[in-house]
Peer 1: 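Mind having a look at this structure? Questions to follow.
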Amino acid sequence: MEDVPTKSVDIAGTTFVYRQLGGGADVPLVMFNHWGATLDNFDPRIVDGLTATRTVIAYNYRGVGASGGKAPLTIGEMADDASAFIHALGLGTVDILGFSLGGFVAQDVALKAPHLVRKLILTGTGPAGGDGISKVGAVSRIPILKGMLTFRDPKYYLFFTSTANGRRAASAFLDRLKERKADRDKPIALVAFLRQLKAIKAWGLQRPQDLAAIRQPVLIANGDQDKMVPTVNSKDLARRIPNADLVIYDDAGHGGIFQYHEAFVARALAFLAK
């Protein structure tokens with residue numbers, strides 16, 4: 001992930017940027033990231049680890065980083081863009097890994113365009129109308145302010161527990177995000193950041209979807225102390241999706257898959273290989 005080039009594709013006059021790596025002959029894995037994330041926020045250990053057996057494609061939403069256009073105000077629009085992106089790359093069927101906001105988008109793609117999706121990995125995420133999702137902005141306000149006051153990335157406080165294990169994992173994760181030195185993505189603009197937050201709130205207030213309609217195999221993962229998208233939502237997803245496996249990591253928050261990246265990559269590769 002450190003030196004793979006950034007590519008772009010034009011979709012109806014809008015440029016979407018992405019990075020593609022690995023060379024697995026199996027179904028490619030497309031990754032959708034969290035609120036405020038650009039291409040440089042994908043954990044290199046997870047991305048590089050997953051390339052052991054497959055092609056991995058990390059994707060920027062409309063209006064985020066170097067992608068053009070205006071950031072959508074709904075998850076549904078993001079899902080439509082994601083489906084168009086998959087089509088634009090000439091991919092018939094893909095696996096999708098969605099983290100947080102990306103997990104909302106992944107669910108919507110699977111429900112709207114099931115023919116595009118072979119398997120889903122949903123991490124640190126929850127269903128439409130899920131417990132506490134409409135309050136993500138309020139929950140994040142103090143950690144974001146704390147990050148500003150302590151000159152730390154807010155993810156240090158938002159994604160990890162305050163235990164010694166959590167703090168070590170937070171520092172290691174944030175160091176990994178700095179490994180790429182050249183051709184870094186543009187930071188997200190404040191307007192896009194706020195528009196994404198509106199989309200998250202709308203998702204949290206949306207009527208529940210019929211998740212029983214997701215027939216694909218699904219792997220769900222989270223930390224046991226996720227404060228951003230409360231862990232109960234992962235359990236709810238596992239209960240409502242017929243063919244779902246659930247893994248919960250101990251002493252871990254929203255970024256549980258980053259804290260336990262080695263175990264997560266192994267679990268994800270085994271799931272995708274079934």
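Computed over heavy atoms, backbone and side chain alike; hydrogens, waters and symmetry mates excluded. Residue numbers run from 1 in the order of the sequence given. Quick caveat, the model's predicted, so the values are computed rather than measured.
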Peer 1: Compute the ring centroids of Y249 and F264, then answer whether they are less than 6.0 Å apart.
Peer 2: no
Peer 1: Near R184 CZ, under 6.0 Å, is it more than 12 heavy atoms from other residues, nucleotides or ligands?
Peer 2: yes
Peer 1: Is a side-chain donor-acceptor pair under 3.5 Å present for T150 with Y157?
Peer 2: yes
Peer 1: To check you understand the geometry: which heavy-atom pair defines the closest contact between G255 and F99, and what is its length?
Peer 2: CA-CZ, 4.4 Å
Peer 1: Indicate yes or no for a side-chain donor-acceptor contact from T51 to the backbone of D48 under 3.5 Å, with no hydrogens or angles considered.
Peer 2: yes
Peer 1: Is any side-chain N of the basic residue among D224 and K235 closer than 4.0 Å to the acidic one's carboxylate O?
Peer 2: no
Peer 1: Does the pair V218 and L237 meet the rule for a side-chain contact (heavy atoms from CB on, under 4.5 Å), with working shown?
Peer 2: CA-CA 10 Å; V218 179; L237 286 172; over 6 Å; no
Peer 1: Once ring pair (Phe, Tyr, Trp, His ring centres under 6.0 Å) is applied, do any residues pair with Y18, and if so which ones, sequence neighbours excluded?
Peer 2: F85
Peer 1: Hey, is CD1 on I142 packed in by over 12 heavy atoms from elsewhere, all under 6.0 Å?
Peer 2: no
Peer 1: Quick check against the 3.5 Å criterion: does K119 have a side-chain atom that pairs as donor or acceptor with the backbone of F271?
Peer 2: yes
Peer 1: Rounded to the nearest 0.5 Å, what separates atom CG in N222 from atom CG in L246?
Peer 2: 8.5 Å
Peer 1: Could you go through the salt bridge (charged side-chain N to carboxylate O under 4.0 Å, His left out) check for D80 and K112 one step at a time?
Peer 2: CA-CA 8 Å; D80 291 344; K112 289 178 173 179; 3.1 Å; yes
Peer 1: Ignoring hydrogens and geometry, is there a side-chain-to-backbone donor-acceptor pair from D183 to T6 under 3.5 Å?
Peer 2: yes
Peer 1: Do V191 and F16 share a hydrophobic cluster, counting only Ile, Leu, Val, Met, Phe, Trp and Tyr and linking them when any side-chain heavy atoms are less than 4.5 Å apart?
Peer 2: no
Peer 1: If you measure from CG on L219 to CZ on R267, what distance do you get to the nearest 0.5 Å?
Peer 2: 6.0 Å
Peer 1: Quick one: pull up CZ in F104 and CD1 in I75 and give me the separation to the nearest 0.5 Å.
Peer 2: 6.5 Å
Peer 1: Supply the atom-to-atom distance F42 CZ to R180 CZ, rounded to the nearest 0.5 angstrom.
Peer 2: 12.0 Å
Peer 1: Report yes or no: do V139 and L194 belong to one cluster of Ile/Leu/Val/Met/Phe/Trp/Tyr joined by side chain heavy-atom distances under 4.5 Å?
Peer 2: no
Peer 1: Hey, any chance L174 and F159 share a hydrophobic cluster, counting ILVMFWY side chains that come within less than 4.5 Å of each other, even indirectly?
Peer 2: yes
Peer 1: Where the side chain of N233 meets the backbone of D131, is there a donor-acceptor pair that is under 3.5 Å apart?
Peer 2: yes
Peer 1: Does the pair R45/D43 count as a salt bridge with the N-to-O cut at 4.0 Å?
Peer 2: no
Peer 1: Would you call Q225 and D251 a side-chain contact if the rule is heavy atoms closer than 4.5 Å?
Peer 2: yes
Peer 1: With a 4.5 Å cut-off on side-chain heavy-atom distances among I, L, V, M, F, W and Y, is there a chain of contacts connecting L197 to V64?
Peer 2: yes
Peer 1: Are P114 and V109 close enough that some pair of their side-chain heavy atoms sits under 4.5 Å apart?
Peer 2: no
Peer 1: Report the distance from atom CG of D153 to atom OH of Y156, rounding to the nearest 0.5 Å.
Peer 2: 11.5 Å
Peer 1: Can any side-chain N or O of N41 pair as donor or acceptor with the backbone N or O of T38 at less than 3.5 Å?
Peer 2: yes
Peer 1: Work out which heavy atom in A113 is nearest to a heavy atom in S83; give both atom names and the distance.
Peer 2: CB-OG, 4.1 Å
Peer 1: With a 4.5 Å limit on heavy-atom distance, are the side chains of M78 and D81 in contact?
Peer 2: no
Peer 1: For V27, is there any backbone N or O sitting under 3.5 Å from a side-chain donor or acceptor partner on T55?
Peer 2: no
Peer 1: Test side-chain contact (heavy atoms from CB on, under 4.5 Å) on V94 and L89; report intermediate values, then the result.
Peer 2: CA-CA 11 Å; V94 300; L89 292 191; over 6 Å; no
Peer 1: With the side chain counted from C-beta on, respond yes when V232 and D236 share a heavy-atom pair under 4.5 Å apart, and no when they do not.
Peer 2: no
Peer 1: Suppose the criterion is side-chain hydrogen bond (donor to acceptor under 3.5 Å, both in side chains): which pairs have a residue in residues 193-220, not counting sequence neighbours?
Peer 2: D108-Q209
Peer 1: Any heavy-atom pair between the side chains of H87 and L116 that's under 4.5 Å?
Peer 2: yes
Peer 1: Is any side-chain heavy atom of L97 closer than 4.5 Å to a side-chain heavy atom of L50?
Peer 2: yes
Peer 1: Charged N to carboxylate O below 4.0 Å: is that the case for D95 and R54?
Peer 2: yes
Peer 1: Group every Ile, Leu, Val, Met, Phe, Trp and Tyr by side-chain heavy-atom contacts under 4.5 Å, then state whether L158 and L149 land in the same group.
Peer 2: no
Peer 1: Donor-acceptor pair, distance only, cut-off 3.5 Å: does the side chain of T231 make one with the backbone of G223?
Peer 2: yes
Peer 1: With side chains defined as the heavy atoms from C-beta onward, is the minimum distance between M228 and S100 less than 4.5 Å?
Peer 2: no
Peer 1: Do you know which two heavy atoms are closest between N60 and A37, and how far apart they sit?
Peer 2: OD1-O, 4.2 Å
Peer 1: If the test is salt bridge (Lys or Arg N to Asp or Glu O under 4.0 Å), which one of R19, K186, K178 qualifies with D40?
Peer 2: R19
Peer 1: Answer yes or no: is there a side-chain heavy-atom contact under 4.5 Å between K155 and F258?
Peer 2: no
Peer 1: Looking only at heavy atoms, what is the nearest atom pair of T14 and G69, with distance?
Peer 2: CG2-N, 4.0 Å
Peer 1: Work out which heavy atom in P44 is nearest to a heavy atom in L177; give both atom names and the distance.
Peer 2: CD-CD2, 4.1 Å
Peer 1: Checking the side chain of Q107 only, and the main-chain atoms of G126 only, is there a donor and an acceptor separated by less than 3.5 Å?
Peer 2: yes
Peer 1: Rounded to the nearest 0.5 Å, what's the gap from OG1 on T125 to CG on D226? Could you check?
Peer 2: 9.0 Å
Peer 1: Are K274 and D245 within salt-bridge range, i.e. N to O under 4.0 Å?
Peer 2: yes
